[in-house]
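Here the structure comes first, spelled out in structure tokens, and everything after it is commentary.
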Amino acid sequence: MEAHIAVSRNQHFPVQLSDPTDSVERAHRAGDALQVNPFTHRPYSEKYFDILKKRKDLPVWQQQKDFVNILKKSQTLILVGETGSGKTTQVPQFVVDAGYTVNGKLCVCTQPRRVAAMSVARRVAEEMDVSIGHEVGYSIRFEEVTGPKTLLKYSTDGMLLREAMTDPLLRRYSVIIIDEAHERTLATDILFGLLKEVLLKRRDLKVVVMSATLEAQKFQGYFLDAPLMQVPGRLHPVEIFYTENPERDYLEATIRTAVQIHACEPPGDILVFLTGEEEIEDACMKIKREVSNMGDRVGDIMVVPLYASLPPQQQQRVFDVAPSSRNTRTSRKIVISTNIAETSLTIDGVVYVIDPGFAKQKVYNPRIRVESLLVSPISRASAHQRAGRAGRTCPGKCFRLYTETSFKRDLQEQTYPEILRSNLGSVVLQLKKLGIDDLPYGKDPPAPETLMRALELLNYLDALDDEGNLSQVGFVMSEFPLDPQLSKMLCASPQFNCSNEILSIVSMLSVPNPFVRPRDQQFEADEARSQFCHIDGDHLTLLNAYHAFKQNGGDTGWCHKNYLNMRSLKSADNVRTQLVRLVSRHNIAVVSSDFTSKDYYLNIRKAVLSGYFMQVAHLERSGHYLTVKDNQLVSLHPSTCLQQKPEWVLYNEFVLTTKNYIRVCTEIKGNWLLDIASHYYDLSNFPECEARRVLERLCS
DNA sequence: GAGCACTGC
């Protein structure tokens, strides 16, 4: 097999053997051509051979020849390989070794997550004995680590989609590999639709779809019966246990099961899947309490919560090893995690998995235009993935807290792809930019109502004309990596003389909530936040917080003291830098009003309204807010800075939790609606309601 | 008067 590789490399890099520049090197090559790295022209390092030995043990290694032969004959190929098959690191190298990356064309392999793109690229650079950023690189938002010599690039799926907007035929690439296709991210699904078209126009392009599940067979039909290859995974067996009867309270059952495993099962760490922060913190506390009540009958435990909003140092704790017990019993680590441990984070040493069968999932209701998070049953594919987490280092056990009948009968085979659960405003805009009219959505087309909502939004924002064609402002809007409302607000902001401030607000709105509010320090956190409050609304509060952050030089201690999330603020700052670059490319002026002018804040609020005029609520005489046109009963979110209830508010977000809340609100005036969004507030096309009567009075 | 699954440009 090694010889095969060396031969194919030499074939594709004939220059190295025929044109040695140095006599010592020539002698070396003549003696042992296999030892020379065709990319660096240098002998392979010792490490290379160490790694090579391990690569040869990967299940996928055996199928290199088959893979290359099939790829030669077919324009597309589907490859199914479970965890541990080595497909992500090896297949792109097969492509390079087979000579597809000559004449300046690249092989790109997409990943749904930034961390994966980065770490896999580093690993592959090591395997190929080259430096990262040279022959092998990666490309993720805010970070382009590639160079003129790059042959192989790992990219986030979203990044490749962005690239398609400037190069719709993706001409830079000879081979495009879509990895983790089973995850069905929004970007991956759109890439599917796009690639299907590109394949027809570029007969020289090869597309490889890699997936962990056999759902891939469905991709096969989508890509004109592409051949399918299967690679075995490498996991230890995991024994599955179901409950006899359905559990009434899954949280209670989870805690009971964890304690039982700890008391009765052989050594090995436990991974528990729950749905969110509050539930996880609660379970951590209860498990600790129960185990400590058992005293010396059991060993010590280390209970570690894991969820995305946890500060990075605390996330790192899941990799700590449980300290040994004070008594002779086994000590154990118990990790209680959201779905983050299902896909993004792998914890070695887990032997037991507890799967209550739920996760928070995004759902979109196009009727009221609301995206929300709902605790819902997971799919069988997801249950399978969770169980697999128990078999990474040795044989394991998975305890499913539902019945086998329920598993077979009630759970769906796959999680609904994201494209069916999302607001598609931004997606439709991107596709219009790509010149695609009969929107290709892969094999799961979204609900017609979802599409209608997206087209309607873009039309009201003037991004699309009545025929659905991209307008001039729509073209510029599509260039920003933002929701259409935010792009519109940015494009319109120079007219209100405040693009500088809107850049900051838009950036703050596109990162996770910068205000931290720990459960045990709510009062202190609220006090800290009140320093930034602006009486006219939460958008201006965000602006104040951003300005304060900058004035304090982005200091960690300062953020901590003021209950601000440093990660969020840094990321907002990165977004802002990126937006400033894009804004200047499209000749949008960066301007500010005089800070002391009475119009300073007024202008900003009007600019925000120019993107968010469809998200306005009116205070009824009854004392309740109704959203305009949709007439949904909503309440100001308790986190708002608004001190009394203004008659008109614009909101950034509609959240459905214990109640319908509108979050991040700013006071506006009724007549602004008529001035700034007359087409939307056209009273001849307006449902009968109190808001309409108020607006009618303003008109006359 | 209260949460924020997870990604991504």
Separation of atom CZ in A:Arg114 from atom C1' in B:dT7, rounded to whole Å: 11 Å
Hey, does the side chain of A:Arg663 come within less than 4.0 Å of B:dC4's phosphate (OP1/OP2), counting only N and O? yes
Could you give the CD1-to-P distance, from A:Ile340 to B:dC4, as a whole number of Å? 16 Å
Whole angstroms only, please: what is the CG-P distance between A:Asp538 and B:dG3? 16 Å
Toward the 5' end of DNA chain B, which comes first, A:Pro638 or A:Thr657, by nearest nucleotide? A:Pro638
Please say whether the positively charged group of A:Arg400, taken as NZ for Lys or CZ for Arg, lies over the ring of A:Phe407, i.e. under 6.0 angstrom from the six-membered ring centre and within 45 degrees of the axis. yes
Could you tell me how the ring of A:Phe532 sits relative to the ring of A:Phe515: parallel (under 30°), tilted (30 to 60°) or perpendicular (over 60°)? tilted
Does B:dG8 have OP1 or OP2 under 4.0 Å away from a side-chain N or O of A:Thr185? no
For B:dG3, does either OP1 or OP2 sit under 4.0 Å from a side-chain N or O belonging to A:Ser639? no
Let me know the distance between CZ of A:Phe142 and P of B:dG8, rounded to the nearest Å. 11 Å
Rounded interatomic separation in angstrom, taking NZ from A:Lys362 and P from B:dC6: 13 Å
Mind calculating the distance between CZ (A:Arg585) and C1' (B:dC9) to the nearest angstrom? 13 Å
Verify the contact: side-chain N or O of A:Ser635 to OP1 or OP2 of B:dG1, cut-off strictly under 4.0 Å; return yes or no. no
Would you mind reading off the distance between A:Asp282 atom CG and B:dG3 atom P, rounded to a whole angstrom? 15 Å
5' priority, DNA chain B, between A:Gln430 and A:Arg421 [closest heavy atom]: A:Arg421
Can the positive tip of A:Lys433 be found less than 6.0 Å from the middle of the six-membered ring of A:Phe475, inside 45° of the ring normal? yes
Looking at A:Tyr416, is A:Arg421 sitting on its ring face, NZ or CZ under 6.0 Å from the six-membered ring centre and within 45 degrees of the normal? no
Separation of atom CZ in A:Arg184 from atom C1' in B:dA5, rounded to whole Å: 19 Å
